[in-house]
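As the structure lists them, so they are numbered: ligands from 1, and atoms in each ligand from 1.
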Amino acid sequence: MLAPLSNLYLGSAIISFLAALSTALTVFLITAPTQYDPYAEADAPPGKDGEEPRSADGKRRKVKTSVQVVVLGDIGRSPRVQYHALSIAKHGGKVDLIGYKESDVHPDIASNPLISVVPLAPVPEGLRAKSAFTFLFLAPLKVLWQIWTLYYALGYRTRPARWMLVQNPPAVPTLAVAAFLCFFRNTSLIIDWHNFGYSILALRLGAVHPLVKISQLYEALLSRFAAYHFTVTNAMAKVLEEKHGITALPLHDRPTKDFQPLESEERFEFLSRLPETAQYAKDIEQGKWKLIVSSTSWTPDEDFSMLLDALVGYSATAVTKANLPKLITIITGKGPQKEYYLSKIKALNQEKKLLNVIVLTAWLSTEDYAKLLGSADLGISLHTSSSGVDLPMKVVDMFGAGLPVLGWSKYEAWPELVTEGVNGMGFGSAEELGGLLVKLFGEDRQNLQNLRDGALDESKRGWDDEWDAVAGKKLRLVA
Ligand SMILES: Nc1nc2c(ncn2[C@@H]2O[C@H](COP(=O)(O)OP(=O)(O)O[C@H]3O[C@H](CO)[C@@H](O)[C@H](O)[C@@H]3O)[C@@H](O)[C@H]2O)c(=O)[nH]1
């Protein structure tokens, strides 16, 4: 008697499951995001806020293509993504720029009628992990939140586009959501590889952690859905080819026109205006103080202890050598480890270990960040590269401003960006960095000038040259 009853239960459970599945499928099909239609696009869809894009003479501007540009990060702190959007719009393409809106976006984006910024709903504070233990717990919930907000933004808050250009990393869940929606919306996916998601995860969990292996497989699998791939270095394109059989086009970061060296009058005026430098402007102008700049997102892949230790070493030497100038070091940027380093700087000051050196932090507008680089004497990069094959954008900014660079250089891609002794120099430890500072600001000032000339040379090939030749052609915006 029991067996037939359990069969009945099983049967009704299967029927209920199938009914639920079919209802879910029907709901999905009824509410599915609309598809990209090239013929409708040819009829120039409206631009931002429903306005029709018009050129300066008031004529209706023909939209040449449409692109969803996506970053699962703060748009204002994603320079490369912003430059993509500006370049697409410059060639007549319409852009939906999707990401978090935590800081101001580039001023040219805000004023461009062809670019609409679509902000993602921020991750609730309670889902942000504060330790490795809570990370394992909260990460899945955070990912679920991101899946929904991304899916909704890419599928419903934006019109279907010809292309979707996605920054990777973060790869989870970006690549999966992007690939799924591209399939349903008839959109071609392009992955812009800044680095590898799994190599960043390995910094937190260790290279042999199963989640790191799964993340690597996930990235390799999802990347198969893309029509094109861009990478920030040749070395990264080579890794993609060798490990995953993917053909990628290197599209190197290059400086935009925002970054220019400042003439001495403009430099003095800027330094006198900026609160961080105002009281030292005259001394900097006279060379009694030298201005060093580093920029960062304050993430674990940049060890600022190395710079602080080098400055402590410099300070000790400067006490005994009268020819060494005092240093004002400004570290710009926003990010998770800032408070940790601020307390380290405070402790070093209390211990009187930074006697001839001032270390400040700042977050500046895009214009002032560019002017600070254009006014400095030396730039520093502490980028360590989790994969060995990505490169620091900050060095590109510095070259644009004609600023020579000292950078941590113990990774494969470094020589793709900096030519040793020509536009910058590499170091591998705090002692080496401290030694270079003493040399360049002490007996070897001609060398510093030579490096400055090299950096200026480097600024000549700009972002537009690189973008037009690589992405412009693939998106069929440049002949
Ligand atoms: N407006 C403003 N921007 C700032 C400031 N300080 C830093 N930034 C921005 O923050 C960037 C440095 O952030 P990082 O996160 O340290 O970038 P990175 O290591 O130099 O480069 C990474 O991002 C690139 C592009 O997104 C990648 O191409 C590269 O491979 C790497 O992953 C700078 O280039 C600049 O755009 C500031 O005070 N104000």
Could you walk me through whether Y369 and S295 pass side chain to side chain donor-acceptor pair (under 3.5 Å), step by step?
CA-CA 9 Å; Y369 168 65; S295 85; 3.1 Å; yes
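Screening R80, R461, R254 for a salt bridge (Lys or Arg N to Asp or Glu O under 4.0 Å) involving E466 leaves a single residue, R461.
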Need the list: ligand 1 N/O atoms against protein N/O atoms, distance under 3.5 Å, rounded to one decimal.
{"from": "ligand 1", "atom 1": "1 (N)", "to": "L364", "atom 2": "O", "distance (Å)": "3.2"}
{"from": "ligand 1", "atom 1": "6 (N)", "to": "T332", "atom 2": "OG1", "distance (Å)": "2.8"}
{"from": "ligand 1", "atom 1": "6 (N)", "to": "G333", "atom 2": "N", "distance (Å)": "3.4"}
{"from": "ligand 1", "atom 1": "13 (O)", "to": "S297", "atom 2": "OG", "distance (Å)": "3.3"}
{"from": "ligand 1", "atom 1": "15 (O)", "to": "S297", "atom 2": "OG", "distance (Å)": "2.4"}
{"from": "ligand 1", "atom 1": "16 (O)", "to": "S297", "atom 2": "N", "distance (Å)": "3.4"}
{"from": "ligand 1", "atom 1": "16 (O)", "to": "K394", "atom 2": "NZ", "distance (Å)": "2.6"}
{"from": "ligand 1", "atom 1": "19 (O)", "to": "H383", "atom 2": "ND1", "distance (Å)": "3.2"}
{"from": "ligand 1", "atom 1": "19 (O)", "to": "K394", "atom 2": "NZ", "distance (Å)": "3.3"}
{"from": "ligand 1", "atom 1": "20 (O)", "to": "M393", "atom 2": "N", "distance (Å)": "2.8"}
{"from": "ligand 1", "atom 1": "20 (O)", "to": "K394", "atom 2": "N", "distance (Å)": "3.0"}
{"from": "ligand 1", "atom 1": "20 (O)", "to": "K394", "atom 2": "NZ", "distance (Å)": "2.9"}
{"from": "ligand 1", "atom 1": "21 (O)", "to": "M393", "atom 2": "N", "distance (Å)": "3.0"}
{"from": "ligand 1", "atom 1": "26 (O)", "to": "H194", "atom 2": "ND1", "distance (Å)": "3.4"}
{"from": "ligand 1", "atom 1": "28 (O)", "to": "D253", "atom 2": "OD2", "distance (Å)": "2.7"}
{"from": "ligand 1", "atom 1": "30 (O)", "to": "H194", "atom 2": "O", "distance (Å)": "3.3"}
{"from": "ligand 1", "atom 1": "30 (O)", "to": "L391", "atom 2": "O", "distance (Å)": "2.9"}
{"from": "ligand 1", "atom 1": "34 (O)", "to": "D397", "atom 2": "OD2", "distance (Å)": "2.7"}
{"from": "ligand 1", "atom 1": "38 (O)", "to": "L364", "atom 2": "N", "distance (Å)": "2.9"}
{"from": "ligand 1", "atom 1": "39 (N)", "to": "L364", "atom 2": "O", "distance (Å)": "2.7"}

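In this structure, a donor-acceptor pair under 3.5 Å is absent between the side chains of D301 and S386.
Within a 6.0 Å radius of NZ in K334, other residues, nucleotides and ligands contribute more than 12 heavy atoms.
A distance of 6.0 Å or more separates the ring centres of F230 and W193. Between H252 and W463, the ring center distance fails the sub-6.0 Å criterion.
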